[in-house]
Colleague: 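Before I ask anything, let me first share the structure, which is written out below as structure tokens.
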Amino acid sequence: MIGKPFGIKIFDRNQGGWMYALYPTPELWSKALKIRTQILFYVDISLILLELDLRPGSIVIESGTGSGNLSTAIARTIAPHGRLHTFEIHAQRAQIAREEFARNKLDSVIEVACRDACKDGFPLKGVADAVFLDLPAPWEVVESAKEALIEDGRFCSFSPCIEQVQRTCEALRSFGFADIRTVECLLRPYDVHTERYDVIEMPWEPLPPLGAPAAAGPAIAESDAKSDASSDADSRKRSRQDFEDAAAPGTSGVGPEPATGTGESASEPSAASDADARASEASESSAPAPTETGADESAAVVADAAAMETDECPAPAETEQPDEE
């Protein structure tokens, strides 16, 4: 690995694995460093660098060095001619951070000092392009930060609680800071994977050629339904007429049977024949007259159909038989 350029693929001779030799960046350093305090990750760091308007040659003051993750990102942004003055209240953490910056060859850009900025403030006056605070009580350092900033300098404070944000904003207003904003940066990673679903075969019909008339399926179906209904009505009407013809006396074409055992001639009219004729005339006069409207015919057909379905047929008219002399 020694002497090889960054970006090459290196294989393990014993295990058969491989890895890439990558250039050390602040993003990789945030994953490899020994965390001594709660650190800021690249989501918040990217927004902080943007809001502070940092660029090569900027002079920055930081209070709350911690594990040095943000300090490393700031140093990469302002190098090679910029300067970062970072202050840490804990002496041991300040010494460890100083050694790590030296190993990463950032000591020419970063200067570490052990100092309580909340009580003692900053020793620099009117030289900083930006001030960043990561402290439990940042509102106590607002006055010293204003003295350390140049005209039109940038101020940024990182706080986990909204109460800290409120008090800091009040202190900034009291010391004449303008364009005060509070933002929250959220990261939502996407998990991309592949899923397979069964394809459902749906019935389909090919489209007609361009310019061809559309199929009249619904109209044909409606026409067929109307013709079926008309044929059903005709069949009911014929059944009704046949039933009336069979029920009416004297309409079958067969004359009355001649009387037997009376000694009368069949050719001579008798009282029974007169009675049959009178009954036939009464039946014909009592039959309903044909209607002229389709609604009455339909009602009659429905009524007759209901009578036929229930097998309730009207009985033939009774005729009076004369007493035998």
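Being a predicted model, the structure only gives us computed values, none of them experimental.
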Colleague: K4 and I8: which non-hydrogen atoms are nearest, and at how many Å?
Modeller: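 That closest heavy-atom pairing would be CB-CD1, 3.0 Å.
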
Colleague: Would you give the length of the straight line joining atom CG of L50 to atom CD1 of I45, rounded to the nearest 0.5 angstrom?
Modeller: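 Reported value, rounded in 0.5 Å steps: 13.5 Å.
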
Colleague: Using residues 65-79 as the side-chain source, report each donor-acceptor pair under 3.5 Å to any protein atom, sequence neighbours left out, with the distance given to one decimal.
Modeller:
from : atom 1 : to  : atom 2 : distance (Å)
T65  : OG1    : T86 : OG1    : 2.4
T65  : OG1    : F87 : O      : 3.4
S67  : OG     : R36 : N      : 2.9
S67  : OG     : T37 : N      : 3.1
N69  : ND2    : L40 : O      : 2.5
S71  : OG     : E62 : OE1    : 2.6
S71  : OG     : E62 : OE2    : 3.4
T72  : OG1    : G68 : O      : 2.9
R76  : NH2    : E27 : OE2    : 3.4
T77  : OG1    : A73 : O      : 3.0

Colleague: Between C169 and T182, does the side chain to side chain contact (heavy atoms under 4.5 Å, CB included) criterion hold? Intermediate values first, please.
Modeller: CA-CA 9 Å; C169 291; T182 301; 3.9 Å; yes

Colleague: Spell out, yes or no, whether L124 and V142 are grouped together once hydrophobic residues are joined by side-chain heavy atoms under 4.5 Å, including indirect joins.
Modeller: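 Yes, it is one cluster - the side chains of L124 and V142 are joined through contacts under 4.5 Å.
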
Colleague: Does D12 CG have over 12 foreign heavy atoms under 6.0 Å away?
Modeller: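 More than 12 heavy atoms, drawn from other residues, nucleotides or ligands, come within 6.0 Å of this atom.
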
Colleague: Is there a path from F122 to L172 through hydrophobic residues (I, L, V, M, F, W, Y) whose side chains come within less than 4.5 Å of each other?
Modeller: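 Shared cluster, yes.
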
Colleague: Please determine whether residues L54 and L106 belong to a single hydrophobic cluster, defined as Ile, Leu, Val, Met, Phe, Trp and Tyr linked transitively by side-chain heavy-atom distances below 4.5 Å.
Modeller: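 Cluster IDs for L54 and L106 match.
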
Colleague: Minimum heavy-atom separation for I10 and A21, please, with both atom names.
Modeller: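 Distance-wise, the nearest heavy atoms are CD1-CB, 4.0 Å.
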
Colleague: Can you measure from OG (S159) to CZ (R167) and round to the nearest 0.5 angstrom?
Modeller: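 Between S159 OG and R167 CZ, I get 11.5 Å after rounding to 0.5 Å.
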
Colleague: Under 6.0 Å from the NZ atom of K9, do we count more than 12 heavy atoms belonging to anything else shown?
Modeller: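 Yes.
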
Colleague: With F155, which of F132, F177, W139, F175 fulfils ring pair (Phe, Tyr, Trp, His ring centres under 6.0 Å)?
Modeller: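 For F155, the ring pair (Phe, Tyr, Trp, His ring centres under 6.0 Å) check succeeds only for F177.
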
Colleague: For the residue pair F158 and D134, what are the closest heavy atoms and their distance?
Modeller: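 Heavy atoms only, the tightest pair is O-OD1, 3.7 Å.
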
Colleague: Please give me the minimum heavy-atom distance between L187 and Y42, naming the atom from each residue.
Modeller: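 Closest pair (atom of L187, atom of Y42, distance): CD2-OH, 3.9 Å.
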
Colleague: If you round to the nearest 0.5 Å, how far is CG of D44 from CD of E184?
Modeller: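 E184 CD to D44 CG: 9.0 Å, rounded to 0.5 Å.
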
Colleague: Side chain of E140, backbone of K119: donor and acceptor closer than 3.5 Å?
Modeller: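 The answer is no, because no donor-acceptor pair under 3.5 Å joins these two groups.
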
Colleague: Between CD of Q95 and CD of E88, what distance do you get to the nearest 0.5 Å?
Modeller: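 It is 12.0 Å, given to the nearest 0.5 Å.
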
Colleague: Is there a chain of hydrophobic side chains (I, L, V, M, F, W, Y, each step under 4.5 Å between heavy atoms) that links M19 to L22?
Modeller: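 Each belongs to a different hydrophobic cluster.
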
Colleague: Roughly how far apart are I150 CD1 and K125 NZ, rounded to 0.5 Å?
Modeller: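 Those atoms lie 15.5 Å apart.
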
Colleague: By side-chain contact (heavy atoms from CB on, under 4.5 Å), which residues pair with L47, not counting sequence neighbours?
Modeller: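 In terms of side-chain contact (heavy atoms from CB on, under 4.5 Å), with neighbours along the sequence ignored, L47 is linked to E51, V183, C185.
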
Colleague: Do W29 and Y23 share a hydrophobic cluster, counting only Ile, Leu, Val, Met, Phe, Trp and Tyr and linking them when any side-chain heavy atoms are less than 4.5 Å apart?
Modeller: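 The answer is no; the residues belong to distinct hydrophobic clusters.
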
Colleague: Given V131, which partner from the list L52, I61, V60 fulfils the side chain to side chain contact (heavy atoms under 4.5 Å, CB included) test?
Modeller: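 Between V131 and the candidates, side chain to side chain contact (heavy atoms under 4.5 Å, CB included) is satisfied uniquely by I61.
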
Colleague: Please output the side-chain donor-acceptor pairs of residues 107-117 that fall under 3.5 Å, not counting sequence neighbours, one pair per line with the distance.
Modeller:
from : atom 1 : to   : atom 2 : distance (Å)
E111 : OE1    : H85  : ND1    : 3.3
R115 : NE     : G121 : O      : 2.7
R115 : NH2    : D120 : O      : 3.3
D116 : OD1    : C118 : N      : 3.2

Colleague: Starting at OG of S174, measure out to CD of E143 and round the result to the nearest 0.5 Å.
Modeller: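 Between S174 OG and E143 CD, I get 8.5 Å after rounding to 0.5 Å.
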
Colleague: Just by distance, do the side chain of R196 and the backbone of T194 share a donor-acceptor pair under 3.5 Å?
Modeller: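 Side chain of R196 to backbone of T194: no pair is present.
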
